[in-house]
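These notes are about the structure you will find just below.
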Amino acid sequence: MTELERFLAARDQLQALSADYNRAVSEFKWPELASFNWALDYFDHIARDNHAPALRILEESGAEASLTYAQLAERSNRVANFLVAQGAKKGDRMLLMLGNEVPLWEAMLASIKLGVVVIPATTLLSGADLQDRLERGRVAFVLTNPAGAAKFDELPAASLAGIRRIHVGGARAGWLDYRDVDAQAAAFAAPVRPLAGDPLLEYFTSGTTSKPKLVQHTQTSYPVGHLSTMYWLGLKKGDVHWTISSPGWAKHAWSCVFAPLNAQACIFIYNYTRFNGPAILEVLVKNAVQTLCAPPTVWRMLIQENLKAWPVRLRELISAGEPLNPEVIEQVRAAWGITIRDGFGQTETTAMIGNSPGQALKPGSMGRPLPGYHVALLDPDGAPAEEGEICIDLSRRPVSLMNGYAGDDAKNAEVMRDGYYHTGDVGSRDAEGYITYVGRADDVFKASGYRISPFELESALIEHPAVAEAAVVPSPDPVRGFVPKAYVVLAAGHAPDAATAAGIFRFMRERVSGYKLVRRIEFSDLPKTISGKIRRVELRGQEKGRPEGAVRNEREFLEESLK
């Protein structure tokens, strides 16, 4: 059996067992691949004379761009030849800083074929963050659009020395013109064939607690590893799949590149500047979207509409990032008869735990280990536990696990210790194998000797109509050691006053046990990384310096003073 045949057999097996979780987990094995190149061997194979849609991008204006599988294969060949003409070679690093636009997919496939290592970056990057990525990423090429190019104009000239910059969107002084791709040959032969273990992607993490790390994935760990993500999403050949996600972060590669292309589905994108519920629903209906993955904020806004009035053709609904409120799930199920499913993974992995199609869901649980993953929960001493750090057994290492953190041997040794990959996330497992997320290991703390999950409290807090966002951290207390404190961003129309705080305290007393009640509330903006993740380390730092027995400022309220 050839390596392509092994890959296709593994893919077909997971699609055939889409609704049979137990068989999929027990029977699936990652294909053994040594010289496999996903773009050259798989994508070009399925794209040959294939006029099915691979990518459709719809703009708010109504303008549309689309490519069939055959066209996308040819365009990626032209981009690969263009890069070779500019001196690109296997192992070179390219910063890919584009929005949801066709060249992003063309360049990603071209890079896989050529062996160029892609460093995806959000178009929000600028200044020191952008310069840091150029330097630590050892970037040789940049591919970006006019908005991104303007960010490079602001950097010191020395930081751009030796970097070949390619501009999408017309001629620009000092930049290569992406339109020159059109003149390149439609066929491509790799000067040096990339191997399965060669690096392909390097992602900078969000940096919630420290300087962003550089996660390195190989030619197989993401392209092949996202078979698990394809299974979790429930994708089938010919599906129109839409994941609402921004480029530059791993989730975009998960669900807007590898998983749908592995399934031979059509990637659908709708670019909008501001969320509009009726417009989103109209797009779902008119474009016959069958599988939709969206963050919780989108689901919470969609249920403000009369969902029953929209005759969608959806089959699978997925959420990612954090648990949804049960009432959101129920409202969508009542309107469309479909249950929103969620899951868990990291930049360092693919989808590793999830509620897969056709399986019973448990409120609050993120599901069970997905095919190809052997997950253990370990206590602080490294022993198996019902609640503990979510770890991957390296004796049965999945293809989908990262190669490591580039240039950081100490961190690699830390997370790959004692025969396990340590995610840094804590979960609890019930008797049926369902895992519920507890929180980041660094965020979990003790109050009065009890273990507190900030994540659990935050999930309860956001159910209050006045709470738009919340972050819970330990706050020093002379009696209890620490008490849970919530930093709260208020929803529109709610005042940051004692009455609002008292209402939230009452609300929480009705929903959580007394030992883990939020005892302090401060109405405040939340410090975030460029990816939008909350920097709890800053909030914890603020609490360390708080005045003993007194409020920090006029926006902080103590439960005992409002009883």
Side-chain angles (χ1 to χ4, degrees), residues 3-4 6-15 17-18 24-25 28-33 36-43 45-46 54-55 69 72 104-105 108-109 111-112 118 120 196-203 215-237 239 241-243 245 247-268 291 293 316 318 320-321 341-357 367 369-373 392 397-403 421:
E3 291 191 339
L4 172 61
R6 288 180 200 149
F7 175 75
L8 289 172
R11 189 273 307 271
D12 294 347
Q13 179 188 39
L14 285 181
Q15 288 189 313
L17 297 176
S18 175
V25 167
F28 175 76
K29 298 290 186 293
W30 294 105
E32 294 183 11
L33 308 169
F36 184 73
N37 182 280
W38 183 84
L40 293 171
D41 298 331
Y42 165 71
F43 189 83
H45 169 78
I46 63 167
L55 174 66
Y69 271 86
L72 184 52
L104 182 147
W105 282 266
M108 181 71 83
L109 282 164
S111 298
I112 298 171
V118 177
D198 287 339
L200 167 62
L201 287 158
E202 291 184 343
Y203 275 102
V215 177
Q216 185 182 92
H217 279 280
T218 68
Q219 287 276 349
T220 51
S221 61
Y222 254 29
V224 177
H226 278 300
L227 287 175
S228 75
T229 308
M230 177 198 76
Y231 180 84
W232 168 54
L233 295 174
L235 297 179
K236 301 181 183 297
K237 184 177 181 179
D239 276 349
H241 173 72
W242 182 15
T243 286
S245 177
W249 308 109
K251 185 61 171 69
H252 192 271
W254 280 38
S255 303
C256 296
V257 181
F258 296 115
L261 294 182
N262 276 340
Q264 291 183 241
C266 173
I267 300 162
F268 178 79
T291 56
C293 180
E316 304 290 351
I318 305 98
R341 301 181 287 102
D342 59 3
F344 169 82
Q346 300 181 309
T347 301
E348 292 88 339
T349 69
T350 60
M352 57 184 286
I353 298 168
N355 287 298
S356 53
L370 292 167
Y373 279 96
I392 296 174
R397 180 181 179 129
V399 166
S400 48
L401 181 59
M402 67 172 177
N403 203 32
Y421 164 66

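Residue numbers start at 1 and run along the sequence shown. Everything quoted here is computed from the prediction, not taken from an experiment.
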Contacts of Ala39 that satisfy side-chain contact (heavy atoms from CB on, under 4.5 Å) - sequence neighbours left out | Asn37, Leu109, Ile112, Lys113
Sorted by chain and number, sequence neighbours left out, side-chain contact (heavy atoms from CB on, under 4.5 Å) with Pro357 holds for Ser18, Glu316, Arg341
By side-chain hydrogen bond (donor to acceptor under 3.5 Å, both in side chains) - contacts of Ser228 (at least two apart) = Thr350
side-chain hydrogen bond (donor to acceptor under 3.5 Å, both in side chains) filter on Thr349, not counting sequence neighbours, yields none
Give a yes or no answer on whether the side chain of Arg6 reaches the backbone of Leu33 with a donor-acceptor pair at less than 3.5 Å.
-> no
Please identify each residue that fulfils side-chain contact (heavy atoms from CB on, under 4.5 Å) with Ala259, with sequence neighbours left out.
-> Thr229, Met230, Leu233, Leu235
Tyr222 side chain near Trp38 side chain, heavy-atom distance below 4.5 Å = no
By salt bridge (Lys or Arg N to Asp or Glu O under 4.0 Å), Glu3 pairs with (sequence neighbours left out) none
Backbone N or O of Pro223 within a donor-acceptor pair of the Asn262 side chain at under 3.5 Å?
-> yes
Any residue meeting side-chain hydrogen bond (donor to acceptor under 3.5 Å, both in side chains) with Thr291, in chain and number order, not counting sequence neighbours | His241
Any side-chain heavy-atom pair of Arg397 and Tyr421 under 4.5 Å | no
Taking ring pair (Phe, Tyr, Trp, His ring centres under 6.0 Å) as the test, write out the residues that go with Phe28, two or more places apart.
-> Trp30
So which heavy atom on Tyr42 is nearest to which on Ala263, and how close?
-> OH-N, 4.5 Å
Identify, with sequence neighbours excluded, every residue that meets side-chain hydrogen bond (donor to acceptor under 3.5 Å, both in side chains) alongside Thr220.
-> Thr218
Residue list, salt bridge (Lys or Arg N to Asp or Glu O under 4.0 Å) with Glu202, at least two apart or on another chain | Arg93
Apply ring pair (Phe, Tyr, Trp, His ring centres under 6.0 Å) to Phe43 and list each qualifying residue two or more places apart in sequence or on a separate chain.
-> Tyr69
Cys256: partners by side-chain contact (heavy atoms from CB on, under 4.5 Å), with sequence neighbours left out = Trp105, Thr243, Ser245, His252, Ile269
